[in-house]
Amino acid sequence: MALNININYDNERNIWIVKPAGEVDIYTSPNLKEKLLKSLKEKETDLLIDGEKLDYIDSTGLGVLISILKKVKESKNDVILINLKSNIRKLFDITGLDKVFIIKE
């Protein structure tokens with residue numbers, strides 16, 4: 001399956017809103033990382049990732065999110081995850097990444 005990535009900057013809230021749809025895996029992770037880094041280069045601010053249409057993420061995808069989190073933290077900003085499906089939320093819980101990322105229900 002493919003991955004569609006919709007990234008928009010919200011001027012009012014001063015935050016990047018990222019809406020990935022599909023699967024983040026070894027094949028799609030490089031594209032996600034490239035688009036997120038390009039956005040952060042344009043404007044360093046918080047990153048809100050809306051997982052409503054995200055169906056799957058593997059260890060490669062988690063690696064991308066961790067590297068993006070490090071980049072975002074350099075400028076004292078946060079990565080916030082919302083609307084995660086139960087299978088993806090469980091992955092964050094099992095790996096302990098729920099303690100590293102801000103996850104809002």
Side-chain angles (χ1 to χ4, degrees):
M1 190 172 176
L3 176 70
N4 292 315
I5 308 161
N6 186 339
I7 302 177
N8 291 303
Y9 182 72
D10 184 330
N11 279 316
E12 262 180 45
R13 294 163 56 195
N14 188 35
I15 193 168
W16 283 105
I17 298 177
V18 183
K19 294 185 177 183
E23 299 180 355
V24 178
D25 58 21
I26 192 165
Y27 305 105
T28 60
S29 292
N31 185 26
L32 176 64
K33 185 174 185 176
E34 181 186 316
K35 287 187 176 190
L36 291 174
L37 288 174
K38 184 179 175 200
S39 297
L40 291 169
K41 198 176 223 180
E42 196 178 307
K43 191 156 186 72
E44 288 185 351
T45 186
D46 289 342
L47 202 61
L48 176 79
I49 300 176
D50 186 341
E52 183 180 10
K53 293 184 177 161
L54 184 61
D55 297 321
Y56 174 81
I57 186 166
D58 70 3
S59 58
T60 319
L62 290 177
V64 165
L65 292 182
I66 292 165
S67 71
I68 292 299
L69 179 66
K70 287 179 184 175
K71 176 80 177 140
V72 167
K73 288 289 184 187
E74 286 173 6
S75 53
K76 307 273 189 273
N77 292 305
D78 288 308
V79 174
I80 302 138
L81 305 171
I82 62 168
N83 298 325
L84 294 181
K85 292 182 178 165
S86 60
N87 61 322
I88 295 172
R89 175 59 204 237
K90 191 174 184 178
L91 187 62
F92 277 85
D93 294 346
I94 290 169
T95 57
L97 291 174
D98 60 326
K99 312 270 188 299
V100 179
F101 288 91
I102 297 169
I103 300 176
K104 295 188 177 178
E105 302 302 324

(message) Is there a side-chain contact between Ile68 and Val72 in this structure, where contact means two heavy atoms from C-beta onward sitting under 4.5 Å apart?
(response) yes
(message) If you define the side chain from C-beta out and look only at heavy atoms, does anything of Lys43 sit under 4.5 Å from Asn14?
(response)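 Lys43 vs Asn14: side chains touch.
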(message) Applying ring-ring contact (aromatic ring centres under 6.0 Å, His included) as the test, list every pair that has at least one member in residues 16-57; sequence neighbours left out.
(response)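 For residues 16-57, and leaving out neighbouring residues, the ring-ring contact (aromatic ring centres under 6.0 Å, His included) pairs sorted by first residue read Tyr9-Trp16.
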(message) Quick check on side-chain contact (heavy atoms from CB on, under 4.5 Å): which of Val79, Ile103, Leu84, Asn83 does Ile49 satisfy it with?
(response)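 Of the listed residues Val79, Ile103, Leu84, Asn83, the side-chain contact (heavy atoms from CB on, under 4.5 Å) partner of Ile49 is Val79.
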Side chain to side chain donor-acceptor pair (under 3.5 Å) involving [X] - partner list, sequence neighbours excluded:
X: Asn77; value: Ser75
X: Lys53; value: none
X: Asn31; value: none
X: Asn87; value: none

(message) Tell me the closest heavy-atom pair linking Leu3 and Pro20, and the distance in Å.
(response) CD1-CB, 4.0 Å
(request) Return the minimal non-hydrogen interatomic distance between Asn6 and Asn8, and the atom names on each side. (result)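 In terms of heavy atoms, the two residues are closest at OD1-ND2, 2.8 Å.
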(message) Which residues end up grouped with Ile15 if you chain together Ile, Leu, Val, Met, Phe, Trp and Tyr wherever their side-chain heavy atoms are less than 4.5 Å apart?
(response)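 Ile17, Leu48, Ile80, Ile82, Ile102, all in the cluster of Ile15.
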Taking salt bridge (Lys or Arg N to Asp or Glu O under 4.0 Å) as the definition, give me every residue that meets it alongside [X], ordered by chain and number, with sequence neighbours left out.
X: Asp98; answer: none
X: Arg89; answer: Asp93, Glu105
X: Lys85; answer: Asp55
X: Asp78; answer: Lys73

Return the [atom1] to [atom2] distance between [X] and [Y], rounded to the nearest 0.5 Å.
X: Lys41; Y: Lys71; atom1: NZ; atom2: NZ; answer: 8.0 Å
X: Ile7; Y: Glu42; atom1: CD1; atom2: CD; answer: 10.0 Å
X: Lys90; Y: Thr95; atom1: NZ; atom2: OG1; answer: 12.5 Å
X: Lys76; Y: Asp46; atom1: NZ; atom2: CG; answer: 13.5 Å

(message) Quick one, Leu62 with Ile57, criterion side-chain contact (heavy atoms from CB on, under 4.5 Å). Give me CA distance, side-chain angles, the key distance, then yes/no.
(response) CA-CA 7 Å; Leu62 290 177; Ile57 186 166; 4.1 Å; yes
(message) Applying side chain to side chain contact (heavy atoms under 4.5 Å, CB included), can you list everything that pairs with Ile66, at least two apart in sequence or on another chain?
(response)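 Ile66 satisfies side chain to side chain contact (heavy atoms under 4.5 Å, CB included) with Lys70, Leu97, Phe101 only.
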(request) Measure from the side-chain N and O atoms of Ser29 to the backbone N and O of Val64, and report whether any donor-acceptor pair falls under 3.5 Å. (result)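 No, because the side chain of Ser29 does not come within donor-acceptor range (under 3.5 Å) of the backbone of Val64.
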(request) Indicate if Leu32 and Ile26 have the same hydrophobic cluster label, given that clusters are the connected sets of ILVMFWY residues with side-chain heavy-atom separations under 4.5 angstrom. (result) no
